[in-house]
There are 2 protein chains.
Amino acid sequence: MTATDDHIDRLPEADDALAPVSSQAERVADMLRSFVINGSLAPGVRLSEERLSRKYEVSRNTLREAFRLLSRERLLVHQLHRGVFVSRPTCADVRDLFSVRRHLELPAVRRADRADTEAVRAVGAAVDEGEAARDHADWWAMGTANMRFHQALAALAGSARLNEFMNQVLAETRLVFHVMNDPEEYHAPYLDWNRRIHTALAAGHPDLAADELAAYLDASETQLVTAFTAMENGPGPRS
Amino acid sequence: MTATDDHIDRLPEADDALAPVSSQAERVADMLRSFVINGSLAPGVRLSEERLSRKYEVSRNTLREAFRLLSRERLLVHQLHRGVFVSRPTCADVRDLFSVRRHLELPAVRRADRADTEAVRAVGAAVDEGEAARDHADWWAMGTANMRFHQALAALAGSARLNEFMNQVLAETRLVFHVMNDPEEYHAPYLDWNRRIHTALAAGHPDLAADELAAYLDASETQLVTAFTAMENGPGPRS
DNA sequence: GTCGTGGGATTGTTGAACAATACTTCAATC
DNA sequence: GATTGAAGTATTGTTCAACAATCCCACGAC
């Protein structure tokens, strides 16, 4: 290497997202993931290898690779010799999910003073997005914005691995709504809470924001658990 | 169902571990995982589909399913059309891993008062195990005990998902030692720290234990990052 | 020394085949 | 009528062989 090549070293690293296109298995996994998250595939449904491979024109082997990926994300469950099913979270799962979220979100918010200013801006953007969706009565977009809001809170910690983990947890949380047939417009009131949290954050009061968030999580968990137990005892859709 | 069947309902639930045996792909994944963690497969090494499928007498398809599982755990990295390689963590990965561990371990310890007493006992058992291994100069067992210690700390939170995530993080951390050719006996002094943390925990001083743990993590991260940058500049093993 | 340009090796994906297991149906029995 | 048992059927688990797509490497031209 000569001195004239120095500018090469100063170039930014190759972005992983730019590098190679995804494989067929990953594309299928992405598609199925979106179907599970948006409810096109209801919890408990069995995914037939033969039918899906025919419908999406991929071989069974490729499809099974996609199944493995999604099983690791807990969106599908794999039962030996029985097939794969869309996860059907239990009440215990709901409690566990909120336990995880407390561990991921609260410390991230409480130490938000060290966070990147860009990360705080992302929180505000998610709040704006959610309110806009509410104004248009676009409940699905509102749920997406709420997910992005909490993703942005966890991202304040600035850890790639925590971000990815949080993504999985939120995807699973969304599954919970489907298993309860929970209309997403019920969650509109929580948007005001989001706004308060961001305001406290932007004003430089992370502890206040964290306290608000803790109350938010308590309330949300209580609501979900209550609805869940009512459904489990009542005539909910069983499989 | 008649009244005479009531005793059936009172039976304990079927244990998941008991239910179905694992598939071939999962067994292969378990084996490869242990090879990566114990260093039989060095970081950066490429895993040839053909050679491994012949050596372990599984088809390429089955082997690829195992690869997908381990890629999601970040123990292997999959490059399209190039194959799978044992992960080679970078210095940025080390920092991220410790960031994650602070989020998982510190809150768990700080709220240890709510933890199951059995979980606290597991922490003590891991400490004992580590000291026994040190006395026998069994460095590999010492490393394993240390992993189990931190796993037990995270388990104080009582969340299944956090436990699994922590497991992955610790497995990756162990990879870091291999990428640096770091002899595990270097970590013997940390055992005394573990003992202090457990003592504070058992005495009912979780905040003290957390402070000790925070110092531990800071020291450990500093040591690793220092060694890492030295290796990256020096004549370390590149690929 | 750099830049094309092959050939060879490896991965990506498919389709078919068979074994192993689970599910379903239906008759026999109490 | 409900339960048990034993068929057959359907689905998954796994392997194998084949081919296309891509990458790697060595060779030669400039």
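Here the structure is a predicted model, which means the values were calculated and not measured. In what follows, chains carry the letters A, B, and so on, assigned in the order in which the sequence lines appear, proteins first and then strands, with residues in each chain numbered from 1.
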Got a sec, which residues hit salt bridge (charged side-chain N to carboxylate O under 4.0 Å, His left out) with R33(A), two or more places apart in sequence or on another chain? D30(A), E73(A)

Can you build the contact string for nucleotides 10-21 of chain C? Use B for base contact, S for sugar-phosphate-only contact, and - for no protein heavy atom under 4.0 Å. SBBBBB-B---S

H103(A): which residues meet the ring pair (Phe, Tyr, Trp, His ring centres under 6.0 Å) condition with it, sequence neighbours left out? none

Can you pull the ring-ring contact (aromatic ring centres under 6.0 Å, His included) pairs that have at least one residue in residues 138-164 of chain B, sequence neighbours excluded? H150(B)-Y216(B)

Determine which pairs satisfy ring-ring contact (aromatic ring centres under 6.0 Å, His included) with at least one residue from residues 156-179 of chain A, sequence neighbours left out, and list them in order. F165(A)-F165(B), F177(A)-H187(A)

Pairs involving residues 60-88 of chain B, ordered by first then second residue, that meet ring-ring contact (aromatic ring centres under 6.0 Å, His included) (sequence neighbours left out): none

